[in-house]
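What follows is a set of notes on a single structure, which appears directly below.
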Amino acid sequence: MKILAIESSCDETAAAVVQDGRTVLSSIVASQIEEHRLYGGVVPEIASRRHCESIVGVVDEALTAAGVGKTEIDAVAVTYAPGLIGALLVGVNFAKGLSASLEKPLIPVHHIRGHIAANYIAFPELKPPFLAFVLSGGHTHLIEVKDYTEFEIIGGTCDDAVGEAYDKAARAMGYPYPGGIEIDRAAGEGNPDGYKLPRPRVEGNELSMSFSGLKTAVLNTINNSAQKGVEIVRSDLCASFQKAVCDILSDRLTKAIRLTGMKTVAAAGGVSANSGIRAALQAVCEKEKAKLYLPPLSLCGDNAAMIGAQAYFEFMKGNISDLSLNAAATKGINQSL
Ligand code: KG4
Ligand code: ZN
């Protein structure tokens, strides 16, 4: 089954053709990052406009690269939630138009389900159940993947997402948007014990996380140094921040493995591209004798191949939609349409 998938939830216009949930025939990503960088973050209005301009070309390119004509597609899939509402609407309406004109089923895909499914592409042997650690710009969750379309969130952030904390800390340090990768690069040259930063805990659920206090601690460190006229050693602050994040994530993953008894773990989301975090998750899984799946960097960030992969399993469950499908800015991973 060949699925044409579309993703436009944030600042990437993406289209892909994916066969049977595991084989990528093509994957095209048009990034708008350069333009948003001018403003220090994603400007929703600009994102929507750029999606409108790019979507026809990106979808055409995906079909051409796959060597598949429109009529040879078996279904159209699209990210319908969560994300920037104006951005999502571009993809959803385009997909609805294609589905109607081609008379092919329309498959709505939840963005976080898609991030998890990136692992099905990279690792053909991976099947649920497993533990997913979703680390993205908007979401941070520990999820029991019970089946391809059955999820239970067992832990998550109660404030900022991990990627958000990276980007805000980076911005305070003077790095361009998106700063996650800048911190990752600089951390490699810094001293992780250079600055003392907190590892916040959350009362109530030992799998819960909090990153806003850590971000504030970075801001305070910068402000205090400025008041004292002392220059910040940026690479040390980056290394110390990254070490704090790694410690928090390692602690929660260790607890999640022990609590659930699950010995298979898959990372997902843009932040799972982070070199320090990848090494930290690997160390935890080695210690806990669990198998860790780390998607290749090309599948960590937003792309449409992951949406096409998840769409196959949604279709198999009968999760298709009629043309009343709407986009949603927020939607739980288990919430129905
Ligand atoms: O999953 P994603 O592409 O979009 C969302 O669904 O949110 O994640 C984007 C996030 C951004 O916050 C970006 O800074 C972060 O992933 N990111 C990184 C790295 N590469 C991307 N954060 C830390 N280290 C990296 N190497
Ligand atoms: Zn994403």
Side-chain angles (χ1 to χ4, degrees), residues 5-14 16 27 29-33 36-37 40-42 44 47 78-84 87-88 91 109-119 132-141 143 156-157 160-173 175-190 211-212 214-215 218 238-239 241-246 248-249 266-281 294-310 329-331 333:
I6 296 169
E7 152 68 42
S8 69
S9 67
C10 191
D11 56 356
E12 257 102 29
T13 317
S27 177
V29 181
S31 175
Q32 311 169 354
I33 280 181
H36 295 292
R37 187 170 282 145
V42 177
V78 65
T79 305
Y80 76 103
L84 299 171
L88 286 165
V109 176
H110 189 282
H111 185 74
I112 300 303
R113 292 188 182 199
H115 269 302
I116 296 170
N119 284 283
F133 210 167
V134 177
L135 306 164
S136 82
H139 301 268
T140 308
H141 299 300
I143 300 177
T157 181
D160 290 356
V162 61
E164 198 181 340
Y166 259 99
D167 293 341
K168 287 179 178 167
R171 189 177 178 164
M173 285 188 252
Y175 288 112
Y177 175 84
I181 193 162
E182 307 286 345
I183 292 190
D184 193 7
R185 280 195 200 116
E189 285 141 35
F211 294 101
S212 85
L214 177 58
K215 170 198 69 191
V218 170
C238 287
F241 175 83
Q242 186 140 309
K243 180 72 173 34
V245 171
C246 288
I248 296 167
L249 299 181
V271 185
S272 60
N274 182 278
S275 61
I277 293 173
R278 289 171 88 89
L281 301 185
L294 284 169
L297 301 194
S298 60
L299 286 170
C300 289
D302 289 346
N303 64 85
M306 67 187 197
I307 302 302
Q310 180 62 22
T330 54
K331 174 92 54 181
I333 197 167

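First listed ligand is number 1; within each ligand, the first listed atom is number 1.
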*Pick one: which of Thr13, Asp302, Val29, Val109 meets side chain to side chain contact (heavy atoms under 4.5 Å, CB included) with Glu7?*
Asp302
*Give the numbers and elements of all ligand 1 atoms closer than 4.0 Å to a heavy atom of Gly138.*
7 (O)
*Can you list the atoms of ligand 1 that are under 4.0 Å from a heavy atom of Gly163?*
12 (O)
*Between Gly270, Gly180, Pro82, Ser275, flag the one that comes closest to atom 20 (N) of ligand 1 by a heavy atom.*
Gly270
*Gap between atom NE2 of His111 and atom CD1 of Ile116 - 0.5 Å precision*: 11.0 Å
*Looking at atom 15 (C) of ligand 1, what's its closest protein heavy atom, distance included?*
Val271 CG2, 3.8 Å
_Under 3.5 Å: N/O of Gly301 near N/O of ligand 1_ = no
*Point-to-point distance, once rounded to the nearest 0.5 Å, from CD of Glu12 to CG of Asn303*: 9.0 Å
*Using the six-membered ring wherever Trp is involved, compare the ring planes of His139 and His141 and label them parallel, tilted or perpendicular (cut-offs 30° and 60°).*
tilted
*Between Tyr166 and Gln242, do the side chains contain an N or O donor and an N or O acceptor separated by less than 3.5 Å?*
yes
*When rounded to the nearest 0.5 angstrom, what distance separates CG in Leu281 from CG in Leu135?*
6.5 Å
*Would you say His111 has an N, O or S atom lying under 2.8 Å from the Zn ion (ligand 2)?*
yes
_Within the 4.0 Å heavy-atom shell around His111, which atoms of ligand 1 are there?_
6 (O)
*Is there an N/O/S atom in His115 at a distance below 2.8 Å from the Zn ion (ligand 2)?*
yes
_Taking 4.0 Å as the limit for heavy-atom contacts, which would you say applies to His115 with ligand 1: side chain only, backbone only, both, or neither?_
side chain
*asked:* Please compare Leu135, Thr140, Asp184 and report which has the shortest non-hydrogen distance to atom 26 (N) of ligand 1.
replied: Asp184
*Under 3.5 Å between some N or O of ligand 1 and some N or O of Asp302?*
yes
*Side chain, backbone, both or neither: which part of Asp167 has a heavy atom under 4.0 Å from ligand 1?*
side chain
*Look at atom 24 (N) of ligand 1 and say which protein heavy atom is nearest, naming residue and atom and giving the distance to 0.1 Å.*
Asn274 ND2, 2.9 Å
*Output the atom name for the N/O/S atom of Asp302 with the smallest distance to the Zn ion (ligand 2).*
OD1
*Counting only heavy atoms not in Arg171, do more than 12 fall under 6.0 Å of its CZ?*
no
*Heavy atoms only: which of Ala187, Ala268, Gly137 is nearest to atom 10 (C) of ligand 1?*
Gly137
_Nearest-0.5 Å distance, SG of residue Cys10 to CG of residue Leu84_ = 5.0 Å
*Residue pair Ser212 / Asp160, side-chain donor-acceptor N/O under 3.5 Å*: no
_Partner of Val245 by side chain to side chain contact (heavy atoms under 4.5 Å, CB included), out of Val162, Val271, Asn274, Ile183_ = Val162
